[in-house]
Amino acid sequence: MTDFKLSFQSKLPKLETSIFSVMSGLAVKENALNLSQGFPNFESDSKLIELVNKAMINGKNQYAPMPGIISLREAIALKMFNLYNVSYNPETEITITAGATQAIFTAIAAVVKKDDEVIIFKPAYDSYEPSVELFGGKTISVQLNPEDFNIDWEKVKGLISDKTKMIIINSPHNPSGRILSKADMLQLEALLKNTNILLLSDEVYEHIIFDGEKHQSAALFPALAERTFITASFGKTFHNTGWKVGYCIAPAYLTEEFRKVHQFNVFSVNHPTQVALAEYLKNPDNYLELGSFYQQKRDLFLSLLKDSRFDFKPSTGTYFQLLNFSKITDESDVDFAIRLTKEQKIASIPISVFNEAGLDTKVLRFCFAKTDETLIKAAEILCNI
Ligand code: PMP
Ligand code: GLN
């Protein structure tokens, strides 16, 4: 192609390729163990795969209804009722999306206007900020204390203005593995009550929670639920991130706006996987056992790392573990992550890329959604560093 370029202003001039693509690409090139991008290296339940095959053979191969098939939306409503004792109307309050990423993007697109402010907590999942900016909004970042990742709600209160359109929370939190407590949610509820501020509660790791803790969904708090888009991902729950199926739950007046964008953003989502997921959700064990499944992996990984030179606090949710390397080197986290991938053949995610102004706390994120064999190999490498 020619080098000619029209005079053209990028809408996201400073945005680089997502760190997940960069590190996974490097892991493949370097033939390294890939504990960077968050995805399992084991298969989804064969029963679920059979259900997708069956749906395809049964002719569920044309467009699904725009908001998703009703049986799947009903199954999600039932799950919400059984877990949190809250009633969402599957007709008007639940929409199936192409993964949580699309749910997040669509919710932001539906409500954020030019000059609106959206409060986010850093380190933050990398899709929030560009999605807000694309629609002319501005993110106001709160950098979390790197020791405990606690939220200072007084500080948040001080950042709220008449421009604040939305707050985005994520619990269990990627990348810290921290969870929001009931006290956190009550403080947030008190802060937002009697305001017009919306909440986006990214709950993709809802079922990956450890040590007997309970997930504090925004759905449990009435003054939050009335203003919240909850986003969720089957990819995280059923080990099939490549299927890209998730959903958004929101009160009818918000779902109406959400669907106005959704219908031209994707129109509708992959049909046979929806049929399969609706059937698979009928057995709650399929998601209720996820916490103990991943807790065993976390415990295995950390027990093997106990004599390493990395410092850590056990993750309380998600399938990520942070490891602090300040006793090993004073390199930047990005340089160290790249060097580990090239020289030691193990890939991770440097968390400065999710921090405000690239704050480097000498911490790498490792994904433990891996077979025990991979975790053992990974720990062997890490213990030799
Ligand atoms: N939110 C968070 C916090 C995530 O870690 C991810 C990543 N997987 C997503 C949203 C996106 O989920 P999905 O793969 O379903 O788009
Ligand atoms: N959520 C995954 C992670 O945090 C990756 C998602 C993606 O690659 N966009 O690693």
Side-chain angles (χ1 to χ4, degrees), residues 15-28 34-41 44 68 72 76 95-108 120-132 144 149 168-180 199-209 215 217-218 229-249 262 265-266 269-270 273-274 277 287 290 294 315-322 337 347-355 363-370:
L15 196 74
E16 291 174 10
T17 304
S18 160
I19 189 72
F20 305 122
S21 309
V22 172
M23 291 311 296
S24 270
L26 191 64
V28 171
N34 190 1
L35 274 65
S36 64
Q37 195 177 18
F39 63 88
N41 74 339
S44 199
L72 179 55
I76 293 166
T95 310
I96 308 304
T97 60
T101 308
Q102 187 238 316
I104 293 162
F105 185 86
T106 301
I108 290 170
I120 63 171
F121 299 95
K122 297 274 187 96
Y125 184 59
D126 67 348
S127 86
Y128 306 153
E129 204 162 356
S131 304
V132 169
L144 299 178
F149 298 92
I168 303 180
I169 56 170
N170 167 221
S171 179
H173 180 238
N174 177 10
S176 73
R178 185 190 181 277
I179 55 173
L180 290 175
L199 184 68
L200 196 163
S201 183
D202 183 358
E203 303 187 12
V204 297
Y205 301 103
E206 159 188 22
H207 300 297
I208 311 182
I209 190 156
H215 174 59
S217 173
F229 295 97
I230 294 175
T231 56
S233 170
F234 288 117
K236 306 286 165 192
T237 305
F238 296 139
H239 317 305
N240 45 40
T241 58
W243 293 4
K244 294 297 295 185
V245 187
Y247 53 95
C248 177
I249 303 179
H262 176 78
N265 186 199
V266 291
V269 172
N270 186 302
T273 48
Q274 290 192 54
L277 287 163
Y287 49 85
L290 202 63
Y294 276 122
S315 168
T316 43
T318 75
Y319 45 48
F320 302 116
Q321 177 64 49
L322 297 185
S348 58
I349 297 284
I351 78 153
S352 62
V353 296
F354 306 136
N355 276 338
V363 167
L364 301 177
R365 188 197 80 176
F366 290 82
C367 171
F368 56 80
K370 304 293 163 192

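When a residue number appears, it is its place in the shown sequence, counting from 1. All ligand and atom numbering here is 1-based and tracks the order in the structure.
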Are F368 and Y319 an aromatic pair by the rule of ring centers under 6.0 Å?
no

Decide if the gap between the ring center of F149 and the ring center of F121 is smaller than 6.0 angstrom.
no

Do [X] and [Y] come within less than 4.5 Å of each other through their side chains, counting heavy atoms only?
| X | Y | value |
| --- | --- | --- |
| T237 | L290 | yes |
| I230 | D202 | no |
| F229 | T95 | no |

Does an N or O from [X], backbone or side chain, lie closer than 3.5 Å to an N or O of ligand 2?
| X | result |
| --- | --- |
| F320 | no |
| S18 | no |
| R365 | yes |

Candidate list H215, K236, H173, test side-chain hydrogen bond (donor to acceptor under 3.5 Å, both in side chains), partner Y205, passing option
K236

Residue pair [X] / [Y]: nearest heavy atoms and the distance that separates them:
| X | Y | answer |
| --- | --- | --- |
| P350 | S348 | CD-O, 3.9 Å |
| E203 | A218 | OE2-N, 2.9 Å |
| G38 | T241 | O-CG2, 4.1 Å |
| V266 | Q102 | CG2-OE1, 3.5 Å |
| Y247 | T97 | N-OG1, 3.2 Å |

Please report which non-hydrogen protein atom sits nearest to [atom], along with the residue it belongs to and the distance in Å to one decimal place.
| atom | result |
| --- | --- |
| atom 5 (O) of ligand 1 | Y205 OH, 2.6 Å |
| atom 8 (O) of ligand 2 | Q37 NE2, 2.7 Å |
| atom 9 (N) of ligand 2 | Y125 OH, 3.4 Å |
| atom 2 (C) of ligand 1 | D202 OD2, 3.3 Å |
| atom 12 (O) of ligand 1 | A100 CB, 3.5 Å |
| atom 7 (C) of ligand 2 | F20 CD1, 3.5 Å |

What part of [X], side chain from CB on, backbone N/CA/C/O, both or neither, has a heavy atom under 4.0 Å from ligand 1?
| X | result |
| --- | --- |
| H173 | neither |
| F234 | neither |
| I104 | side chain |
| T101 | both |

What atoms of ligand 1 come closer than 4.0 angstrom to any heavy atom of [X]?
| X | answer |
| --- | --- |
| K244 | 13 (P), 14 (O), 16 (O) |
| N174 | 3 (C), 4 (C), 5 (O) |
| K236 | 6 (C), 7 (C), 8 (N) |
| G99 | 15 (O), 16 (O) |

Using the side-chain contact (heavy atoms from CB on, under 4.5 Å) rule, pick out the option among N355, L322, I349 that qualifies with V363.
L322

Exactly one candidate in T318, I351, L35 meets side-chain contact (heavy atoms from CB on, under 4.5 Å) with R365; the answer is I351

Using distance alone, decide if ligand 1 has a nitrogen or oxygen within less than 3.5 Å of any nitrogen or oxygen in [X].
| X | value |
| --- | --- |
| V204 | no |
| Q102 | no |
| T241 | no |
| N170 | no |

Best match, T318, I19, I349, N174: closest heavy atom to atom 4 (O) of ligand 2:
N174

Would you mind running through ligand 2 and noting each atom that sits below 4.0 Å from a heavy atom of K236?
1 (N), 2 (C)

Atoms of ligand 2 under 4.0 Å from any heavy atom of G38, numbered from 1 in the order shown, are 2 (C), 3 (C), 10 (O)

Side chains of Q37 and S24: do they bring a donor and an acceptor to under 3.5 Å?
yes

